[in-house]
Amino acid sequence: MKKPTRKRPRGFLSSSNGKKVVMAVTGAVMVTFLILHMLGNLKIFISKESFNEYAHALRTLLEPLLPYRTVLTIVEVVLVASVVLHMWAAISLARRAHSARPVKYVAKKSQANGYATHIMRLGGVTILLFLIWHLLDLTFGVVNPKGFDSSPADRMIAGFDPSRWWVAIIYFAAVVMVGLHLRHGVWSAFQTLGWANRDRNKGLRLGAGLLSAVLVVGFLSPPLAIMFGVVQ
């Protein structure tokens with residue numbers, strides 16, 4: 001008679017709570033990056049030189065202790081890993097929720113919940129595709145009119161030239177999607193970390209909304225200023 005096989009205990013990361021923590025932590029990494037990136041972009045309003053100095057400083061952090069671009073490369077690797085882990089956790093949780101749902105049971109989702117789920121799924125794919133384009137355009141200069149050898153400020157100004165209005169539309173749509181994704185994601189992170197309760201819910205929702213709004217406005221300001229000739 002065969003002995004019943006013992007199921008191996010599932011690790012923390014295999015659990016739903018573990019995946020939610022992964023989403024919260026990686027989300028925090030990405031939000032921190034977005035805030036710093038937005039502040040750097042706003043330097044274009046000071047001057048092209050100020051923006052170029054900011055871009056150069058990113059590549060020369062801790063020189064000569066570390067080689068050129070080492071810190072920036074580490075940041076990029078951490079960011080990519082965060083994006084991959086965030087998507088893995090989100091997909092795993094979605095599959096688990098779908099599998100756990102009884103076959104004959106049809107749940108009626110509220111319009112708000114359906115809207116949030118749709119935004120999170122569509123937003124994740126949109127943001128990923130936009131990031132690829134954004135890197136090819138402004139970081140590597142592959143699809144930028146000025147090319148890689150130009151200064152960061154020149155690439156940014158050329159990238160949002162009025163003649164490239166279609167690029168601006170893609171950028172605006174992606175940034176708004178980031179804001180919607182972020183608003184829901186930050187609120188979900190508050191719930192995952194156990195910070196949400198009846199007394200705090202209103203304030204936390206307001207905080208998530210304000211953070212998202214500030215980031216959207218901050219990221220949209222430079223391209224709008226370039227398109228309307230305020231920054232040249």
- Query: Given a cutoff of under 4.5 Å between side-chain heavy atoms of I, L, V, M, F, W and Y, with clusters grown through shared members, what are the other residues clustered with Leu210?
  - Reply: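 Under the 4.5 Å side-chain rule, Leu210 groups with Leu206.
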Would you compute the distance between atom [atom1] of [X] and atom [atom2] of [Y] and round it to the nearest 0.5 angstrom?
X	Y	atom1	atom2	result
Ile35	Leu211	CD1	CG	5.5 Å
Phe172	Phe160	CZ	CZ	7.5 Å
Asp161	Lys146	CG	NZ	9.5 Å
Arg183	Leu215	CZ	CG	13.5 Å
Arg164	Ile170	CZ	CD1	9.0 Å
Ser151	Glu49	OG	CD	9.0 Å

Using the rule that Ile, Leu, Val, Met, Phe, Trp and Tyr join whenever any side-chain heavy atoms are under 4.5 Å apart, tell me whether [X] and [Y] fall into a single cluster.
X	Y	result
Val71	Phe33	no
Leu72	Ile74	no
Met156	Leu34	yes
Leu138	Leu58	yes
Ile132	Phe140	yes

Closest non-hydrogen atom pair, [X] against [Y]:
X	Y	answer
Arg155	Phe148	NH1-O, 3.0 Å
Val216	Gly179	CG2-CA, 3.6 Å
Ala158	Pro145	O-CG, 4.1 Å
Pro152	Asn52	CD-OD1, 3.3 Å
Met38	Val214	SD-O, 3.6 Å

- Message: Tell me which one of Val167, Asp137, Thr139, Asp154 satisfies side chain to side chain contact (heavy atoms under 4.5 Å, CB included) with Asn144.
- Response: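 Exactly one candidate clears the test, Asp137.
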Short question: side chain of [X], backbone of [Y] - any donor-acceptor pair under 3.5 Å?
X	Y	answer
His86	Thr26	no
Ser92	Trp88	yes
Ser50	Ser47	no

- Task: Quick one: list whatever passes side chain to side chain contact (heavy atoms under 4.5 Å, CB included) with Val231, sequence neighbours left out.
- Result: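 Only Ile44, Phe45, Ile157, Ala225, Ile226 meet the side chain to side chain contact (heavy atoms under 4.5 Å, CB included) criterion with Val231.
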- Message: For a side-chain contact (heavy atoms from CB on, under 4.5 Å) check, start with the C-alpha distance between Leu62 and Thr70, then their side-chain angles and the critical distance, and finish with the verdict.
- Response: CA-CA 8 Å; Leu62 297 185; Thr70 299; over 6 Å; no
- Tell me the ring pair (Phe, Tyr, Trp, His ring centres under 6.0 Å) pairs involving residues 53-75, sequence neighbours left out?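 Ring pair (Phe, Tyr, Trp, His ring centres under 6.0 Å) check on residues 53-75 returns Phe51-Tyr54.
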- Message: Using side-chain contact (heavy atoms from CB on, under 4.5 Å), reason through Met23 and Leu93 one step at a time and then give a plain yes or no.
- Response: CA-CA 10 Å; Met23 287 194 69; Leu93 286 170; 3.7 Å; yes
- Query: Parallel, tilted or perpendicular: which describes the rings of His134 and Tyr171, with under 30° parallel and over 60° perpendicular?
  - Reply: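 Tilted: the ring planes of His134 and Tyr171 meet at 30° to 60°.
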- Message: Taking the basic N atoms (NZ, or NE/NH1/NH2) and the acidic carboxylate oxygens, is any pair closer than 4.0 Å for Glu63 and Arg69?
- Response: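 Looking at Glu63 and Arg69, the cut-off is not met.
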